[in-house]
Amino acid sequence: MLKSHPCGALTIAEVGQTVTLAGWVHRRRNHGGLIFVDLRDRSGLVQVVFNPAESEAAHATADRLRAEYVVQVTGEVQRRPPGTENPALATGAIEVQAQQLRILAEARTPPIAINEEVEVDEALRLKYRYLDLRRPKMLANFILRHRLVKAIRDLMDQEGFLEIETPILNKSTPEGARDFLVPSRLHPGCFYALPQSPQQMKQLLMVAGIEKYFQIARCFRDEDLRADRQPEFTQLDIEMSFVEQEDVLQLAERVITAAVRRVCPQKRLLSPFPRLSYAEALRRFGSDRPDLRFGLELVDVSDLAVGSEFGVFSTALAEGGVVWGLKVPGGAAFSRKHVDELAEIARRAGARGLVTLVREAEGLRSPSARYLGEGRMAALAERLALAPGDLAGMVAAPLEVAAAALGSLRSELGRRLGLADPRTLAFCWVVDFPAFEWKEQEQRWDAVHHPFTAPKPEDLPLLEGEDLSRVRAAQYDLVCNGHELGGGSIRITDPELQRRIFRIMGNSEETVRRQFGHLLTAFEYGVPPHGGIAIGIDRLTMLLADAPNIREVIAFPKTQSGTDLLFEAPAPVDPAQLEELHIRLAVPEEA
Ligand code: ASP
């Protein structure tokens, strides 16, 4: 090794020892003939002093050092002179008196500052990701990620699970996204699909008798990217045999709780994780991924709106909708502009508008007072528990729209009013999802989770009817602080039922045979009851690291448009490569 110690690990215990260090020049200062260098490696920083009285040659070389030069230093560890200690630094009690200095590599001035916390344009950070990752804050994210995954692997092992790798090149498994395709050279005109998840593989491993499988699995989905989406991402993928829903939830809860406590003991966990049905989550929080760190629950005021002359209310109710409200503590003090912004958020979620009601010391006030009438205003204020100084926002709309509008409003208010404690991880389970959703454009039913999800046994008779929206699935989502962290289900193991579900989703016999024949055949050879879950490692790390998005916890992430700015991928390829793959491009050369 070119070094005897990590820079950041030196303490007064090493005083008097001669050490050899190697790393990057974090900072360099000249002070009255002495040169001070903060030397950085992965472990942290240490101060190195170059004194011409100690070594003329080392001092002269140190004069040439610039930020990010790579150097090797040999010297003696000494106590810092009294009054010059730096308690903010782990090694702040000592310094190294340099005797020898060797420059291992010079460095151009980095385009992004590594030794100070300044806002840097993200495109620049991604283009020079190897420099961005040198920043201590980014390094900390990857140390955390490593520890998390290590803890998960150890815990899964203790629970009796086997980690088994599944192929990246295979046939598509539907997870509701578009596939990434890889052309086959050996089979002209044929393609592999990158796995949207190892769903069918892990089910086949259950047929194979593995009983408890897990994998830190890479998944690929070609969908439009949002803040916490990437085209490739990592999941803790789990499948278990001979289980019911409750067994999967408890296993996942045990592992996640223990892993988080191990790597982030400073975080507060809600334990046990509360359970909410999908319907309850919508009714109380307006979202199937509620942030439970704060209250602000939605209130159903539909019954108080019945019989109102107010067109906004009466029309919505006549159309089978609801009137729901949300109390904003202290909202009476909001400016007109602020209230307009809240109404705009509701509108963006599909509501026609926001009906507001304010309680002041003197009484109730509302722009819609004329239509609401005094008696109804009083009843609404009482139901919403408005105290003087509070404001209520109400939405009259179809249930899903009212939920979406007030759910967005609730999240926004949670942020603006600082209601969510950043140290708390409020995990919860959302269960009893609807099994199917109607795809208006395609005029067909689709699985809410995926087609392998079992309907709840008590809802099976509903499959006979026309309206499948009432069929519930043995599906569960793991939610934390307003993010969907993962989901899973108990699977269908009856080949006949599985065929029927494929048909309901509009697949022809031929498609089912071609795409899922292997699975249906496997189920004819003795399939154990099984279920599983997948939990997003990127999102979980993001929450533990208090990072604003998942790109901060992925070493080489892609931009919102799916490009890698460092490699400049995707990129055109050599025509000879295309030829080999039997591919002719339909796009113009320049495109
Ligand atoms: N394959 C599912 C997913 O990736 C998870 C599961 O059902 O286990 O979301």
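Scope of the values below: all heavy atoms of this structure, side chains included, with no hydrogens, waters or symmetry mates. As the structure lists them, so they are numbered: ligands from 1, and atoms in each ligand from 1.
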Participant: Check if R491 has a non-hydrogen atom at a distance under 4.0 Å from any atom of ligand 1.
Facilitator: yes
Participant: Ignoring angles and geometry beyond distance, decide whether H449 reaches within less than 3.5 Å of ligand 1 through its nitrogen or oxygen atoms.
Facilitator: yes
Participant: If you count the atoms of ligand 1 from 1 in the order shown, which ones are under 4.0 Å from a heavy atom of I533?
Facilitator: 8 (O)
Participant: Counting non-hydrogen protein atoms only, what is the nearest one to atom 5 (C) of ligand 1? Give residue, atom name and distance.
Facilitator: G487 O, 3.4 Å
Participant: Between K212 and E159, is there a side-chain N and carboxylate O pair less than 4.0 Å apart?
Facilitator: no
Participant: Below 4.0 Å from any atom of ligand 1, is there a heavy atom belonging to R221?
Facilitator: yes
Participant: Of all heavy-atom pairs between F433 and V448, which one has the smallest distance, and what is that distance?
Facilitator: CD2-CG1, 4.5 Å
Participant: Quick one: closest heavy-atom pair of M542 and I550, and the distance?
Facilitator: SD-N, 3.6 Å
Participant: Provide the closest heavy-atom pair for V527 versus H530 in the form atom of the first, atom of the second, distance.
Facilitator: CG2-CE1, 3.7 Å
Participant: Using a strict 4.0 Å cut-off to heavy atoms of Q235, name the atoms of ligand 1 that fall inside it.
Facilitator: 4 (O)
Participant: Provide the closest heavy-atom pair for L326 versus E297 in the form atom of the first, atom of the second, distance.
Facilitator: CD1-O, 4.0 Å
Participant: Could you walk me through whether E464 and R500 pass salt bridge (charged side-chain N to carboxylate O under 4.0 Å, His left out), step by step?
Facilitator: CA-CA 11 Å; E464 310 295 337; R500 192 147 151 224; 3.2 Å; yes
Participant: Please report whether ligand 1 has a polar contact with E175, defined as an N or O pair separated by less than 3.5 Å (distance criterion only).
Facilitator: yes
Participant: Within less than 4.0 angstrom of ligand 1, does K202 place any heavy atom?
Facilitator: yes
Participant: Does K456 NZ have over 12 foreign heavy atoms under 6.0 Å away?
Facilitator: yes
Participant: When only distance counts, is S197 in polar contact with ligand 1, meaning an N/O pair under 3.5 Å?
Facilitator: yes
Participant: Tell me: protein heavy atom nearest atom 6 (C) of ligand 1, and distance?
Facilitator: Q199 OE1, 3.3 Å
Participant: Please list, in number order, the atoms of ligand 1 under 4.0 Å from a heavy atom of G488.
Facilitator: 6 (C), 7 (O)
Participant: Using a strict threshold of under 4.0 Å (side-chain N to carboxylate O), is an ion pair present between D546 and K267?
Facilitator: yes
